[in-house]
Amino acid sequence: MESGPAIFAGTAFTLFSAALLLWTGARVLHRAPVAHGVRPAASITVATLSGVVFLALGVWCFGRI
């Protein structure tokens, strides 16, 4: 019973982080802004770090099963 929330959280974190990293990579490859009104280097860094942190959280949740 206790593995249900871990599976749900792991799936949510992993899917969100994968989408965020894919979207950030696509924006960078097309030289489009990641966030409007923010320096490009800062927005790329924050988006990439957020994606990596959420991916690590998803892996951690799956490791708790």
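It should be emphasised that the depicted structure is a prediction, and the values quoted were computed from it without experimental measurement.
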Leu20 and Ser50: side chain to side chain contact (heavy atoms under 4.5 Å, CB included), yes or no, with the steps?
CA-CA 8 Å; Leu20 180 62; Ser50 298; 3.9 Å; yes
Aromatic rings Phe16 and Phe54: how do their planes relate, parallel, tilted or perpendicular, breaks at 30° and 60°?
perpendicular
Determine whether a donor-acceptor pair (N or O, by modelled atom type, separation under 3.5 Å) exists between the side chain of Arg27 and the backbone of Ala32.
no
Taking every heavy atom of Pro40 against every heavy atom of Ser43, the minimum-distance pair comes out as O-OG, 3.0 Å
Could you grab the distance from atom CG of Leu15 to atom CG of Leu55, nearest 0.5 Å is fine?
10.5 Å
Nearest heavy-atom approach of Val34 to Trp23 is O-CH2, 3.0 Å
Any sub-3.5 Å donor-acceptor pair from Thr48's side-chain atoms to Thr45's backbone N or O?
no
What are the two closest heavy atoms between Ala9 and Cys61, and how far apart are they?
CB-SG, 4.0 Å
Side-chain donor/acceptor of Thr14 to backbone N/O of Thr11, under 3.5 Å:
no
Hydrophobic side-chain clustering at under 4.5 Å (ILVMFWY, transitive links): who's grouped with Ile65? Put none if nobody.
Ile7, Phe62
